[in-house]
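Values in this document were obtained by computation on a predicted structure and should not be read as measured data.
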Amino acid sequence: MNREEIKACCADAYAMDIVAMLLGDSYHPGGTALTRRLADRLALAPGMRVLDVASGRGTTALLLADAYQVRADGVDYSPANTALAQGAAEAAGLAERAVFTTGDAEHLPYDDGIFDAVVSECALCTFPDKARAAAEFARVLRPGGRVGITDVTATPGRLPPELSTLGARIACIADARPIQAYAEILAAAGLRILVTERHDEAMLRMIDQIQARLSLLRITAPDRLADAGVDLDAAPAVLDAARTAVTDGVLGYALLTAVKPSGGLPTGT
C-alpha cells in the first residue's frame, strides 16, 4: 500500500461513526483535559490564529475557539470529517472563529508564516512522511510561533505482531515513534523543543475505555461492528497486547511543544 492509499485508508476509517463510538469525541488519549494542557503549554490567548492539523470532526479546534477565543483553522484529509466539523462549528455558533478545510498535512493549503500556533493530536504518528509534515508545520508558523503535539509513542522493533498491522497503524500504533524521535523530527524542521511530557496513563485509560465500549457494542450494535470490519474475536487479544506494551514501556503517549526561532528557519529547511 502506497502513501496516498495509507492516508486515504486512515481518513476513511476515522470518518466512520463506529470509531466515535469506540474512542469518544476527542479520538485521542487524554481527551479534552490533555488538549487544554497542550493549549496552556502553548500559551494560547484570544485573537491568536491556530491551525489544527488532522482536525477530524473538529473537537480540538472547536474547544480552542470556544475556551481560548482563538481563530481556529482545521485541516483534515477526509472531506466527510471536514463537513462534520464545519457543521459542528455552525451548530455551536463558532463558525466565525472555526473554519475547516480538506487538505494534506504533508502539503498544507496555507501561506507561509500565518499561524501563531500549530497543534496536531494523535496524528503525526499516522503520517507516512513525518519529516515533511513537520516541515509544513514550521513553514506555516510565524517566527516565534509554537507547535504542540500529543501523540502515541512506541519503541520500534518491540511491538508485538498484534500491534504491527495496518489496523494498528490506523489506530496510531504501528508507525508511532519514541518521544525522542518525535523531538528529533521537529528539530530537523528547524523547531526548538520546549517541553516533552509523558502521559502513558492516558493511553491505559483509553484502552480500558475501548474495551468497555466494545463489550457494550458487541451486545447493542454487533452488525455495525461487523460492517466496520471490527474482528470481535481478535479484539481482546489486541487490547491485552496494547495494555501489556504500555506497562512494559514499549507503548505510551506524550506531549511535546516547540518554537520556531524568531530569526526564521535555517536556509535549506
As a quick check of understanding, evaluate side-chain contact (heavy atoms from CB on, under 4.5 Å) for L64 and T60, giving each step before the final call. CA-CA 6 Å; L64 300 181; T60 293; 4.0 Å; yes
For the pair L191 and V259, evaluate side-chain contact (heavy atoms from CB on, under 4.5 Å) and give the outcome as yes or no after the intermediate values. CA-CA 5 Å; L191 299 164; V259 63; over 6 Å; no
Could you go through the side-chain contact (heavy atoms from CB on, under 4.5 Å) check for V119 and V53 one step at a time? CA-CA 6 Å; V119 301; V53 180; over 6 Å; no
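The CD atom of E121 sits 8.5 Å away from atom CG of L255, with the distance rounded to the nearest 0.5 Å. Between the CG atom of D151 and the CZ atom of F127 there is a distance of 8.5 Å, given to the nearest 0.5 Å. Interatomic distance, SG of C125 versus CD1 of I149, reported as 9.0 Å (0.5 Å rounding). The CD atom of E184 sits 11.5 Å away from the CD1 atom of I179 when rounded to the nearest 0.5 Å. Considering CD of Q69 and CG of L44, their distance stands at 12.0 Å, rounded to 0.5 Å. For the atom pair CG of L141 and CD1 of I114, the computed distance is 10.0 Å after rounding to the nearest 0.5 Å.
In this view, P109 and V75, T101 satisfy the side chain to side chain contact (heavy atoms under 4.5 Å, CB included) rule, not counting sequence neighbours. A search for ring-ring contact (aromatic ring centres under 6.0 Å, His included) contacts involving F115 returns Y110, not counting sequence neighbours. Partners of E197 according to the side chain to side chain donor-acceptor pair (under 3.5 Å) rule, which considers only residues two or more places apart in sequence or in another chain, are R37, R41, H199. Applying the side chain to side chain donor-acceptor pair (under 3.5 Å) criterion to R198, with sequence neighbours excluded, gives T153, D200. Partners of R192 according to the salt bridge (Lys or Arg N to Asp or Glu O under 4.0 Å) rule, which considers only residues two or more places apart in sequence or in another chain, do not exist here. With sequence neighbours left out, P79 forms a side chain to side chain contact (heavy atoms under 4.5 Å, CB included) with T102. For R205, there are no salt bridge (Lys or Arg N to Asp or Glu O under 4.0 Å) partners two or more places apart in sequence or in a different chain. In this structure, the side chain to side chain contact (heavy atoms under 4.5 Å, CB included) partners of V250, at least two apart in sequence or on a different chain, are T155, R158, L159, A245, D248.
Contact between A67 and R36 at its shortest, heavy atoms only, is CB-NH1, 3.9 Å. Between A61 and A72, the shortest heavy-atom contact is O-CB, 3.5 Å. Among all heavy-atom pairs drawn from P143 and S262, the shortest one is CB-O, 3.3 Å. What you find for A242 and L251 is that their closest heavy atoms are O-CD2, 3.8 Å. Nearest heavy atoms, A258 versus L186: CB-CD1, 4.4 Å.
Looking at heavy atoms from C-beta onward, V99 lies in side-chain contact with R71 at the 4.5 angstrom threshold. Within the 4.5 Å cutoff, the side chain of V70 has no heavy atoms near those of the R97 side chain. V140 places a side-chain heavy atom less than 4.5 Å from the side chain of V118. In this structure the side chain of P29 reaches within 4.5 angstrom of the side chain of C122, judged on heavy atoms. Counting heavy atoms from C-beta on, the side chains of R177 and K130 come closer than 4.5 Å. Counting heavy atoms from C-beta outward, T126 and L124 have side chains that stay 4.5 Å or more apart. For the pair V147 and T257, the minimum side-chain heavy-atom distance is 4.5 Å or more. Taking 4.5 Å as the limit, some side-chain heavy atom of L214 sits within range of a side-chain heavy atom of L239.
A donor-acceptor pair is defined here as one N or O able to donate and one able to accept, closer than 3.5 Å; such a pair exists between the side chain of K260 and the backbone of A138. A donor-acceptor contact shorter than 3.5 Å links the side chain of R139 to the backbone of L108. A donor-acceptor contact shorter than 3.5 Å links the side chain of R132 to the backbone of E106. The closest donor-acceptor contact from the side chain of Y68 to the backbone of M48 lies at 3.5 Å or more, if one exists at all.
Among residues at least two apart or in separate chains, salt bridge (Lys or Arg N to Asp or Glu O under 4.0 Å) pairs with a member in residues 42-56 are R49-D73. The side-chain hydrogen bond (donor to acceptor under 3.5 Å, both in side chains) contacts involving residues 234-247 comprise D208-R243, Q211-R243, D240-R243, where partners must be two or more places apart or lie in separate chains.
Grouped with L63 in a hydrophobic cluster is no other residue, since no side-chain heavy-atom contact under 4.5 Å to another Ile, Leu, Val, Met, Phe, Trp or Tyr is found.
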Cut-off 3.5 Å, no hydrogens considered: what does the side-chain donor-acceptor table look like for residues 83-96, sequence neighbours left out?
unit_1 : atom_1 : unit_2 : atom_2 : d
Q86    : OE1    : F100   : N      : 2.8
Q86    : NE2    : A98    : O      : 3.4

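Residues L62 and V50 do not share a hydrophobic cluster, clusters being chains of Ile/Leu/Val/Met/Phe/Trp/Tyr side chains in contact below 4.5 Å.
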